[in-house]
Amino acid sequence: MEEKLLRVTLWLKEIYENQPIPQYEVNAETVDILYELAEYSEAMNRDVSLLIEDTEQQATEYEEKTNYLQGLLEDSLGLSVTSLSSEGTRCLDTLVESAMILETKDTSLASFFSAINVMTAELHATESKNREMAQELSNIGKKLTEALTLEKKLTEDLKKTEKFLEIEKMKADRRSQNMKFLQDKTDNLKEGIKTAEDQLAATGFDESLTHGSLMSLSGKVAELREEIAEFNKKLESYLDLPPSLAFAKVKIEEVKLELNALEEELSRQIDLMTREMTEFSELHLN
């Protein structure tokens with residue numbers, strides 16, 4: 001750790017030079033981090049130095065080659081940069097700029113054609129890639145539109161469902177309240193009926209006047225009415241017989257007697273039921 005700390009301290013002094021080094025907590029983790037930064041910084045400096053040296057060397061080579069070509073032109077053709085016309089200088093500048101843009105090794109036609117073919121192929125590849133990306137983007141846009149439409153529909157369905165559930169909950173609560181009310185009312189009526197029956201029993205009330213007895217009596221009255229209706233049908237069938245038949249007259253008289261007896265029994269049962277109901281009402285009011 002002491003060796004790393006010494007290396008870090010020297011590196012910080014190189015960076016800040018005459019300025020004071022900022023205070024930092026000296027521990028193993030901090031020293032390791034600063035040591036790695038120092039290593040990385042020195043490696044970068046070495047790379048930059050090598051790149052500068054290479055660039056300077058290339059510039060020297062280009063300058064030597066330029067001097068050679070200029071000397072060749074002057075010696076063989078008697079041409080120099082200063083002897084060119086403005087049009088020639090402009091063409092030469094265009095040629096140099098084109099070579100730099102195309103990154104050719106020289107200005108020969110072969111180099112230009114080769115560079116143009118390479119850039120054309122790259123252009124076609126880029127255009128093809130752009131078309132693929134445009135198609136993919138279009139597909140993504142369609143899927144996004146479908147997803148947004150589905151989300152909107154689901155949101156609307158969810159709102160409708162929530163509203164429906166809210167309404168159904170209100171209905172269920174209302175039915176529950178009504179059921180509770182009816183149940184409480186039923187219980188109260190049962191208690192009232194039981195209390196009334198107990199009170200009536202204590203006063204010597206006849207059991208035949210209870211609700212069950214009255215319902216039974218009402219059923220008997222209904223049965224008697226049905227029997228009367230059947231006898232009426234029989235009587236009508238006998239009334240269709242020829243009046244001269246003595247036997248038919250006898251049967252008619254018998255049916256009439258039975259019918260009268262049934263009507264009397266019905267009247268008696270109705271009177272009895274009416275009287276008992278009246279007595280029950282008076283006792284209940286008292």
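Atom-to-atom distance recorded for Arg131:CZ and Leu137:CG is 15.5 Å, nearest 0.5 angstrom. Interatomic distance, OG1 of Thr55 versus CD of Glu53, reported as 10.0 Å (0.5 Å rounding). Taking CD1 from Ile140 and CG from Leu144, the interatomic distance works out to 9.0 Å, rounded to the nearest 0.5 Å. Rounded to the nearest 0.5 angstrom, Thr161 OG1 and Glu168 CD are separated by 11.5 Å. Atom-to-atom distance recorded for Lys171:NZ and Ser176:OG is 15.5 Å, nearest 0.5 angstrom. Asn27 contributes atom CG, which lies 9.0 Å from atom CG of Asp32 (distance to the nearest 0.5 angstrom).
Remark: the Ser114 side chain and the Asn117 side chain contain no N/O donor-acceptor pair separated by less than 3.5 Å. Between the side chains of Glu39 and Tyr35, a donor-acceptor pair is found at a separation under 3.5 Å. For Asp173 and Gln177, the side-chain atoms include no donor-acceptor pair closer than 3.5 Å.
In this structure, the side chains of Leu158 and Leu154 stay at 4.5 Å or more apart for every pair of heavy atoms. Two residues are said to be in side-chain contact when any heavy atoms from C-beta on lie closer than 4.5 Å; Glu132 and Glu136 fail this criterion. A heavy-atom distance below 4.5 Å is not found between the side chains of Lys153 and Thr149. No side-chain heavy atom of Leu148 sits less than 4.5 Å from a side-chain heavy atom of Lys152.
Within 6.0 Å of CD on Glu127 lie more than 12 heavy atoms contributed by other residues, nucleotides or ligands. Heavy atoms from other residues, nucleotides or ligands lying under 6.0 Å from CD of Gln58 number more than 12.
Asp54 places no side-chain N or O within 3.5 Å of a backbone atom of Leu50 that could act as its donor or acceptor partner. The closest donor-acceptor contact from the side chain of Ser128 to the backbone of His124 lies at 3.5 Å or more, if one exists at all. Thr186 places a side-chain N or O within 3.5 Å of a backbone atom of Leu182 that can act as its donor or acceptor partner.
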